[in-house]
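Comments concern the structure below.
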Amino acid sequence: VNDFRFQLFPDLNSPQAFFFFQELSSPDDAGALRAQIQKQGGSSDADDRSLDDVSEPPANDSAQTKSELESLLLLQRARDGRDLEVIVFENGSIPWLGPFPLDDIMQVKSPVSDLVTRLMHVSAMEIYSRKLRFDRVRPIFLEPKLVTVIETPGHPAYPSGHATQYILYALALSEVAPTSSKVIMCDALHVAIRRELAAVHYASDSEAGRRLAEILFDEWKKKPGQRAALEDARKWWNENGARFVKSGDGRWNRRFAHRR
């Protein structure tokens, strides 16, 4: 197991680890994830509310799917070695969002790491309940000319989990560091688009993930204590953020300077 993943998820049976490792591919796994969430004191609303907040994906034989596959072939021809490096990194670690070097921050107990972990937790079942409902095949199964950058995930494509989670984080972190909101959201959208560049998602997967993230964040903010969690994270970041940016910025920019 990757050292970073082990540090981030010391309990490899946790719902966060279960989602992050992208192992879920059947209703039995979904039940196991729900049981883990409940066992650890969390909750999932996926059984308690409609799944219709995300519209159905385009049919496999639709004109839209055909157009999206053609776009993926164009992206495939355009990607270069630098793109591949970032895609592989983002498949196994939490990337930088705006001023937040999340891979560093998540290894330190703080209001910001608690905030991101909380959002990981609440989004996991919501994402997978929809993946299993819509059961959309990955692009490579419809277009044999596509070559994926990473191993094709074993669960359905729609909606994109990466798009959902990183846009969800971006919405929260934009309130923690409002002056950086544009670059935070831009970086999150780039994560989603690079999953298309990797040939594991259609554009409509990313769009559905964006929509789900907005819904989840609006619902999450209405729950008791969440405004206070955002305020605690904002205060901590104002006092400690510069230390993390200084420690992480050089390493990130040396490896991925082209994306800044």
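At least one donor-acceptor pair under 3.5 Å links the side chain of Ser123 to the backbone N or O of Leu119. A distance-only check finds no donor-acceptor pair linking the side chain of Gln226 to the backbone of Lys222 [under 3.5 Å]. Checking side-chain atoms of Ser180 against main-chain N and O of Val183 turns up no donor-acceptor pair under 3.5 Å. Arg138 contributes a side-chain N or O that, together with a main-chain N or O of Pro156, makes up a donor-acceptor pair within less than 3.5 Å.
Contact check on Lys221 versus Glu175 returns a salt bridge, with a Lys/Arg side-chain nitrogen under 4.0 Å from an Asp/Glu carboxylate oxygen. Ion pairing between Arg211 and Glu207 fails under the 4.0 Å rule for side-chain N and carboxylate O. Here Lys109 pairs with Asp114 in a salt bridge; the nearest charged N to carboxylate O distance falls below 4.0 Å. One finds no salt bridge joining Arg79 and Glu85 here, because no Lys/Arg side-chain nitrogen approaches an Asp/Glu carboxylate oxygen to under 4.0 Å.
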Table please: side-chain donor-acceptor pairs of residues 142-153 below 3.5 Å, with sequence neighbours left out.
residue : atom : partner : partner atom : Å
Glu143  : OE2  : Lys145  : N            : 2.9
Thr148  : OG1  : Ile150  : O            : 2.8

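Arg130 approaches Pro159 most closely through the heavy-atom pair CB-CD, 3.7 Å. Leu171 approaches Ala213 most closely through the heavy-atom pair CD1-O, 3.8 Å.
Taking the ring axis of Tyr202 as reference, the NZ or CZ atom of Arg136 stays within 45° of it and closer than 6.0 Å to the ring centre.
In the displayed structure, Glu56 atom CD is contacted under 6.0 Å by at most 12 heavy atoms of other residues, nucleotides or ligands.
Within the structure, every pair that satisfies the side-chain hydrogen bond (donor to acceptor under 3.5 Å, both in side chains) test and touches residues 232-241, not counting sequence neighbours, is listed here: Glu231-Arg234.
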